[in-house]
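Report on one structure; see the data block that follows.
As the structure is a computational prediction, the values presented were derived from the model and not from experiment. Along the sequence shown, the residues carry numbers beginning at 1.
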Amino acid sequence: KSRKMQMSFIICHDIFDTLDMTKLLFQSIVKKYPGCLVLIFNYPGQAGTTFPLLHKSSNKLSTSPTLNNDFIAKCLNELLLHVHHSGEFHLGSHPFYLIGMGNGFAISLSFIDLYGNLTIYEKSLRGLVSVNGYASMDPQLSAIYHSSLSMFQSLPPDRPDLSMSWFTR
């Protein structure tokens, strides 16, 4: 018997996860339920993306935009509008749950706050799911981010892969 699932998922993964790691979690769902769509994307600066931009004339980093939850929510909105208009993920025929994993939950909250009242999302966004998410930082999580930032700043700019391998240990 064929199981047809009409619901789809848009995933905001945790800050130290990537598209490739997160997609492994959803492969069995997509196989089991034909018609289910899952959209996972890398954040600016992760594999296959560029951020921050280098000024071509001086080879120095640009000072804008600031990479924060609101900026990533803006990128998500632009991505969703793109895949909707291109027909790859038509939001009108694929209602979705927004799943925030870890820091992805805070990004999801920013997305809903900034764009949730747009007609396209009012008709298609069915709910928000938190997987180990948080909306604010406690002292322990703050210490992890501060120590990570110090370590990331010490890495050579031509080796962005080192930061991912460091935190996955």
Side-chain angles (χ1 to χ4, degrees), residues 7-30 36-55 58-83 89 96-118 121 125-169:
M7 195 52 59
S8 297
F9 305 98
I10 296 171
I11 314 301
C12 293
H13 57 70
D14 201 1
I15 193 166
F16 297 110
D17 288 337
T18 63
L19 177 151
D20 292 326
M21 294 187 315
T22 306
K23 102 175 151 181
L24 296 173
L25 298 171
F26 294 91
Q27 284 178 336
S28 62
I29 294 171
V30 172
C36 172
L37 296 178
V38 177
L39 176 67
I40 306 168
F41 61 101
N42 274 336
Y43 298 148
Q46 289 185 321
T49 69
T50 55
F51 186 91
L53 301 174
L54 290 175
H55 288 291
S58 65
N59 210 28
K60 293 184 179 178
L61 296 177
S62 70
T63 57
S64 63
T66 301
L67 183 57
N68 58 25
N69 294 336
D70 287 345
F71 177 75
I72 297 173
K74 178 180 180 274
C75 293
L76 175 56
N77 178 57
E78 292 172 1
L79 174 63
L80 289 176
L81 293 176
H82 170 76
V83 297
F89 194 119
F96 67 92
Y97 283 90
L98 185 58
I99 300 177
M101 304 171 77
N103 187 65
F105 181 68
I107 293 167
S108 299
L109 289 174
S110 290
F111 174 81
I112 289 172
D113 181 50
L114 295 170
Y115 305 102
N117 63 344
L118 297 179
Y121 302 126
L125 177 60
R126 295 295 185 249
L128 172 64
V129 178
S130 173
V131 179
N132 197 31
Y134 53 89
S136 64
M137 285 198 229
D138 63 11
Q140 181 179 2
L141 184 58
S142 180
I144 290 170
Y145 278 118
H146 284 289
S147 66
S148 298
L149 179 61
S150 297
M151 192 279 306
F152 296 153
Q153 290 173 335
S154 71
L155 296 174
D158 61 337
R159 291 294 311 274
D161 58 302
L162 292 177
S163 60
M164 293 310 290
S165 63
W166 174 80
F167 205 83
T168 57
R169 291 177 190 219

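- Atoms NZ and CG, on Lys74 and Asn69 in that order, are 15.0 Å from each other to the nearest 0.5 Å.
- Proximity of Phe105 to Leu128: side-chain heavy atoms (C-beta onward) are separated by under 4.5 Å at one or more points.
- Remark: side-chain polar atoms of Ser142 are not paired, donor with acceptor, to backbone N or O of Asp138 under 3.5 angstrom.
- Shortest non-hydrogen contact noted between Tyr115 and Ala73 is CE1-O, 3.7 Å.
- Distance alone, capped at 3.5 Å, places no donor-acceptor pair between the Asn42 side chain and the Thr18 backbone.
- One distance of note links CZ of Phe26 with CD1 of Ile40; it measures 6.0 Å at 0.5 Å rounding.
- Between Asn77 and Phe111, the closest side-chain pair of non-hydrogen atoms falls below 4.5 Å.
- At a cut-off of 3.5 Å, with distance as the only test, a side-chain donor of Asp70 or Ser110 sits close to an acceptor on the other residue.
- Expressed to the nearest 0.5 Å, how far CZ of Phe9 lies from CG of Leu98 amounts to 11.5 Å.
- Expressed to the nearest 0.5 Å, how far NE2 of His13 lies from CD1 of Ile99 amounts to 13.0 Å.
- Counting only heavy atoms from C-beta outward, the side chains of Ile107 and Tyr43 approach each other to under 4.5 Å.
- Here the OG1-CG distance, from Thr22 to Asp14, works out to 8.5 Å after rounding to the nearest 0.5 Å.
- Side chains of Leu125 and Ile10 form no contact here, defined as non-hydrogen atoms less than 4.5 Å apart.
- Within the model, atoms CE of Met137 and CG of Asn103 stand 7.0 Å from one another, a figure rounded to the nearest 0.5 Å.
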